[in-house]
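Side chains included, hydrogens not; waters and symmetry mates left out as well; all remaining heavy atoms used.
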Amino acid sequence: MATVRPKSPRTVGAKNDKEESIWDKLGTLGRKKRIKEVQEVQAEGKYAIDSPGNPLNPVTPPEEYDLEDREERCMVEPRSYEDPKFRELIQVLIDWVNDELASQRIIVQELSEDLYDGQVLQKLLEKLTNDKLDVPEVTQSEEGQKQKLSVVLAHFNQVLGVQRLEHRKWSVEAIHSKNIVPILHLLVALARHFRPPVRLPEHVSVSMVVVQKVGGQLTHRVVKEIITAAYDDVGMRCERDAFDTLFDHAPDKLQVVKKSLVTFVNKHLNKINLEVSDIETQFHDGVYLIMLMGLLEGFFVPLYSFHATPKDFEQKVHNVSFAFELMEEVGLKRPKARPEDVVNYDLKSTLRVLYNLFTKYKSLL
C-alpha cells in the first residue's frame, strides 16, 4: 500500500490562498501535459520497434499489413492464447526443450522469440541426433539467420521424412517471422518422433486469422489449425505392458531379462560368427535383426534388400522396417514399437521386439 507523503510545513498567511491555488493548478496541468506527451512518445516508439520486425504479431492490426496483390499473411487469433490446452502445450514443449538443453545452460522462455533465428533449434538438433552441423555458432544478420535456419530445418526434415509429404507445416520464412504455429508444428513432430517422456495435450487447435489482399482490398477469414490430435503411441498415450512395470518397479529383474535375451540371440548369431554384447546399441541399425530372422527361419536374406553398413538415419529405419516385414511374413504380429524408436536406441522398444522373437523361437535353444 502506498504511503501518503507528509506535507511540508507552511506558515499560515504567507501567501494569498487564492493566488496559490491558481498557480498550483496551472503547474499540475503543465506536469500532466508533459507526462502525457512522454507516454505518447513511448507508445509510438514501442510500436515502431515491435510491429515492423514482427508482422505476424497478434497485436498488429490487419489493416496495417503492406501486402502485394494476392499475398497472404496469417496470425493467431488473440483469444486462442486464452485456451488452457494451447497454453499447456506451449509450456510442455518449453519444458522439454529446456530439459534437453539443460547441460548447455540454454533456457527458453518464449518459443517464438527464442527459436526463430535457428540458434536454439541447432542445439536441439545436435542433442537429439548426435550430429554436428557445420554452421556459424552466432549469426547477427537476417540473411545469416535464415541460412542457418534453412540448414537446420533441412536436417530436421530429413530425419522426420517430411520431404515425402506434399504439404509442410513449417518453413524458414514462417519460423523466422516468429509465427508460433509452425514452431509448434515442428516441435510436436520432433516430440512424436524422438518420444521424450512427456505427455502432449491432445486435440489442441488454434484459430488463425488469414489476411489476403485482392484487387487492392484486404480480406480476412478465420481458419482452424489443428496442432495435436489423439495419440496412441509410446511417449504419448499408450497401454502399459510388462516392460513398463520392469523399468519402473523391478530394475533388478530387468537385468535378468536382458541377460536371457542376449543368450538367446547369441545362440543363433554365433552360427555366422556374430555376437551381441550390448543389447542397447547393437540392434539399432537393423542389421542384426535381419540376420537373426534369417537364422531363425532358415532362409537367406539377399544383401541387396537391406543396407549392410547403414550410413544415416533413413537407411537404419529402412533396415528395421524390413526386419519387421520379415517377422510379419513368418506369421508374427508386427511389433508395437516403431522402427524409429529402435534406431533411436530406445531400450524398451528393442526389448519388446526381441522378446516377441524369444517367445516364438525359445524352443530352438
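Remark: the W170 side chain and the N157 side chain contain an N/O donor-acceptor pair separated by less than 3.5 Å. D278 and T281 share a side-chain donor-acceptor pair at under 3.5 Å. H284 and K316 share a side-chain donor-acceptor pair at under 3.5 Å. There is no side-chain donor-acceptor pair under 3.5 Å between H176 and D117.
Listed by first then second residue, pairs satisfying salt bridge (charged side-chain N to carboxylate O under 4.0 Å, His left out) with a partner in residues 93-102 read E100-K127, not counting sequence neighbours.
A donor-acceptor pair is defined here as one N or O able to donate and one able to accept, closer than 3.5 Å; such a pair exists between the side chain of Q282 and the backbone of S277. Checked by atom type and distance alone, the side chain of S207 never pairs as donor or acceptor with a backbone atom of K224 at under 3.5 Å.
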Pair M291-L269, side chain to side chain contact (heavy atoms under 4.5 Å, CB included): steps then yes or no: CA-CA 8 Å; M291 297 293 188; L269 290 177; 4.3 Å; yes

Candidate pair T350 and E280, rule side-chain hydrogen bond (donor to acceptor under 3.5 Å, both in side chains), full reasoning: CA-CA 7 Å; T350 304; E280 299 185 32; over 6 Å; no

Test log, rule side chain to side chain contact (heavy atoms under 4.5 Å, CB included), inputs V206 and I180: CA-CA 11 Å; V206 294; I180 186 65; over 6 Å; no

Side chain to side chain contact (heavy atoms under 4.5 Å, CB included) assessment of E77 paired with M208: CA-CA 5 Å; E77 194 175 41; M208 301 290 295; over 6 Å; no

Pair F283-V343, side chain to side chain contact (heavy atoms under 4.5 Å, CB included): steps then yes or no: CA-CA 8 Å; F283 287 96; V343 175; over 6 Å; no

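Using a cutoff of 4.0 Å between basic side-chain nitrogens and carboxylate oxygens, E173 and K146 are scored as salt-bridged.
For F313 and H193, the ring centers sit closer than 6.0 Å to each other.
Between the CH2 atom of W96 and the CD atom of Q91 there is a distance of 14.5 Å, given to the nearest 0.5 Å. If you take CG on L125 and NZ on K132, they are separated by 10.5 Å, rounding to the nearest 0.5 Å.
Shown here for L133 and V152, the closest heavy-atom pair between the two residues is CD1-CG2, 3.8 Å.
Cluster membership check: Y288 does not share its hydrophobic cluster with Y345, using side-chain heavy-atom separations under 4.5 Å among Ile, Leu, Val, Met, Phe, Trp and Tyr.
Considering L274, L357, L292 in turn, L292 is the only one that fulfils the side-chain contact (heavy atoms from CB on, under 4.5 Å) rule with H268.
Here R105 pairs with nothing under the side-chain hydrogen bond (donor to acceptor under 3.5 Å, both in side chains) rule; sequence neighbours left out.
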Below 3.5 Å, can you tabulate the donor-acceptor pairs from side chains in residues 317-328 to any protein atom, sequence neighbours excluded?
{"from": "H318", "atom 1": "NE2", "to": "S305", "atom 2": "O", "distance (Å)": "3.4"}
{"from": "N319", "atom 1": "OD1", "to": "H307", "atom 2": "N", "distance (Å)": "2.9"}
{"from": "N319", "atom 1": "ND2", "to": "D285", "atom 2": "O", "distance (Å)": "3.1"}
{"from": "N319", "atom 1": "ND2", "to": "H307", "atom 2": "O", "distance (Å)": "2.8"}
{"from": "S321", "atom 1": "OG", "to": "V317", "atom 2": "O", "distance (Å)": "2.9"}
{"from": "E328", "atom 1": "OE1", "to": "R334", "atom 2": "NH1", "distance (Å)": "3.1"}

